[in-house]
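The analysis underlying the following values was restricted to heavy atoms, covering all of them including side chains, and did not include hydrogens, waters or symmetry mates. Predicted, not measured: the structure shown is a model, and the values here were computed from it.
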Amino acid sequence: MITIRYFGSLKETIGRSTETLSISELESLTVLDVWHYVNGDFPLAENILTALNMDYVTRSHVVNDGDEVAFFPPVTGG
Amino acid sequence: MITIRYFGSLKETIGRSTETLSISELESLTVLDVWHYVNGDFPLAENILTALNMDYVTRSHVVNDGDEVAFFPPVTGG
Amino acid sequence: MTIKICDVAFEPFSEIQTFQNALALNGKFGATSIFIGTMRDFNDGDDVQAMMLEHYDGMTQKQLTKMVTTTKSKWQILDFLIVHRIGEILPNEPIVLVAVWSAHRNEAFEACRYLMEELKANAPFWKLEKLATNQNRWVSKF
Amino acid sequence: MTIKICDVAFEPFSEIQTFQNALALNGKFGATSIFIGTMRDFNDGDDVQAMMLEHYDGMTQKQLTKMVTTTKSKWQILDFLIVHRIGEILPNEPIVLVAVWSAHRNEAFEACRYLMEELKANAPFWKLEKLATNQNRWVSKF
């Protein structure tokens with residue numbers, strides 16, 4: 001099972017903040033694959049950042065069982 | 001009359017902190033001339049800074065009656 | 001070294017004073033560089049009434065810790081204090097505090113600036129502004 | 001805008017807090033950049049017991065005022081506070097405080113750094129250290 005999280009304006013766009021994904025053939029599933037598994041054809045906008053287990057990763061990074069994947073717009077703290 | 005002031009380690013070297021100089025022919029007297037008027041042949045060391053009326057000036061700046069001339073080593077505040 | 005995520009208003013100067021008093025660094029630090037970010041009542045030409053600061057709990061702490069580690073590898077730093085607000089913030093309330101103690105001023109200045117720029121670029125916070133018109137607007141980067 | 005020359009120990013954080021409370025800038029400033037220089041108990045490899053800070057009264061104020069004017073012409077600044085100690089200073093006592101308030105962080109950071117560098121380079125202060133060996137030593141620049 002992997003956990004998927006959304007933050008900021010993307011959370012509103014998607015209409016969910018957290019969801020989980022249980023699939024059998026997790027091997028070689030990338031961050032981008034995870035997005036499309038749960039969001040279908042809805043495009044992952046260019047400016048959306050991606051994190052795996054709370055570290056920034058590229059969309060082609062491989063996801064493993066137990067991982068937490070996050071999608072969010074550019075950060076605006078400070 | 002012009003006022004001459006010394007600060008920091010130079011004050012100790014010279015042994016005075018303030019003195020005045022009254023001379024009749026002040027015209028075209030420079031900061032360096034003032035130094036030698038009161039300190040004779042004692043050299044004005046390369047690193048000594050010079051101020052005229054509390055603004056930094058070069059040694060060739062002309063001094064007028066009523067001016068305050070200051071000599072001091074590089075500043076070390078802050 | 002302290003990183004605090006704070007869901008109520010904080011007083012930056014008493015935070016720094018309390019932190020500094022507890023450091024066993026008397027006579028050792030010669031330089032303290034501090035940055036405080038405070039909420040304004042205007043942004044992009046509009047009046048702002050309040051702001052909701054959301055963050056990614058866990059990732060924030062992880063990223064800030066990494067930034068501090070990198071900063072320590074670049075400059076000789078004696079100690080750090082970072083405080084960041086989350087939740088509802090009103091104009092004139094502090095949002096972020098970064099304070100750096102070191103022996104010399106260059107290190108303190110450079111490290112404080114670097115940390116703030118890294119925090120702005122990478123710490124997972126998002127600001128939702130409540131405008132005077134009662135509209136909500138996500139702050140976005142250009 | 002305040003420039004203070006102070007012949008007794010001062011508390012930097014209460015100075016800043018008091019000054020900021022008196023500013024009519026609530027909601028207008030988004031960034032505060034602060035530098036505090038504190039006396040260390042060591043310098044150039046030697047233990048230091050105390051320091052006598054001499055200055056050129058009048059020229060100090062004149063030069064600091066000029067620095068502030070130049071800083072204001074370079075960056076959009078809302079307000080400044082500069083405090084500098086003179087007289088006998090003990091380890092762990094603050095020597096200098098520079099605080100800058102502005103709408104945005106770049107201005108605050110740049111102006112604070114610029115002011116400190118200008119102060120170090122041009123403000124007429126001289127430090128005489130009293131070493132642990134009881135010798136006096138003028139601090140010199142290299």
Side-chain angles (χ1 to χ4, degrees), chain C residues 11-21 23-44 47-51 78 89-106 108-110 112-117 119-120 127 132, chain D residues 11-21 23-43 47-51 78 89-110 112-117 119-120 127 132:
Chain C
E11 295 286 346
F13 304 117
S14 57
E15 289 280 341
I16 303 167
Q17 183 77 73
T18 304
F19 184 80
Q20 183 176 288
N21 290 349
L23 298 176
L25 288 177
N26 277 9
K28 302 308 167 208
F29 65 90
T32 313
S33 182
I34 299 164
F35 181 82
I36 299 162
T38 303
M39 192 187 151
R40 287 172 292 144
D41 59 13
F42 64 97
N43 192 28
D44 284 337
D47 290 340
V48 184
Q49 283 188 329
M51 197 161 68
L78 294 165
I89 307 184
L90 298 175
N92 212 43
E93 288 182 0
I95 300 169
V96 62
L97 160 64
V98 172
V100 177
W101 285 261
S102 70
H104 304 287
R105 83 179 180 289
N106 187 57
F109 269 123
E110 295 290 326
C112 183
R113 179 86 203 237
Y114 177 83
L115 268 177
M116 260 312 293
E117 298 302 325
L119 185 153
K120 295 285 287 189
K127 287 172 178 158
Chain D
E11 295 286 345
F13 304 117
S14 56
E15 289 280 341
I16 303 166
Q17 183 77 71
T18 305
F19 184 81
Q20 184 176 287
N21 290 349
L23 297 177
L25 289 176
N26 277 10
K28 301 308 165 207
F29 65 92
T32 313
S33 183
I34 299 164
F35 181 83
I36 300 163
T38 303
M39 193 187 151
R40 287 173 291 142
D41 58 14
F42 64 96
N43 192 26
D47 290 340
V48 183
Q49 283 187 329
M51 198 160 69
L78 294 165
I89 307 184
L90 299 174
N92 212 44
E93 288 183 0
I95 300 169
V96 61
L97 160 64
V98 172
V100 177
W101 285 262
S102 70
H104 303 286
R105 83 180 180 289
N106 187 57
E107 284 88 330
F109 268 124
E110 295 291 325
C112 183
R113 179 84 202 239
Y114 177 82
L115 268 177
M116 259 313 292
E117 298 302 326
L119 185 154
K120 295 284 288 188
K127 287 173 178 157

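With D:Phe13 as the partner, the side-chain contact (heavy atoms from CB on, under 4.5 Å) test is satisfied by one option alone out of C:Glu15, C:Gln17, C:Glu11: C:Gln17.
A 4.5 Å side-chain heavy-atom check between D:Glu117 and C:Arg105 finds at least one atom pair inside the cut-off. Side-chain contact between D:Gln20 and C:Ile36 is absent, with no heavy-atom pair separated by less than 4.5 Å.
Highest contact tally toward chain C, considering only D:Ala99, D:Ala103, D:Gly30, is held by D:Gly30 [criterion: heavy-atom pairs under 4.5 Å]. Note on C:Pro12, C:Pro91, C:Ala31: by heavy-atom pairs under 4.5 Å with chain D, the leading option is C:Ala31. In terms of heavy-atom pairs under 4.5 angstrom with chain D, the leader among C:Asn106, C:Val96, C:Val98 is C:Asn106. Comparing D:Phe29, D:Phe42, D:Trp101 by how many heavy-atom pairs each has under 4.5 Å with chain C, the most go to D:Phe29.
Contact annotation for C:Asp47: neither backbone nor side-chain heavy atoms come within less than 4.5 Å of a heavy atom of chain D.
For C:Asn26 (side chain) and D:Asn92 (main-chain N/O), no donor-acceptor pair under 3.5 Å exists by modelled atom type.
Atoms CZ and NZ, from C:Arg40 and D:Lys28 in turn, are 10.0 Å apart once rounded to the nearest 0.5 Å. Going from atom OG of C:Ser33 over to atom CE of D:Met116 covers 10.0 Å, rounded to the nearest 0.5 Å. Between atom CZ of residue D:Phe35 and atom SG of residue C:Cys112 there is a gap of 10.5 Å, rounded to the nearest 0.5 Å.
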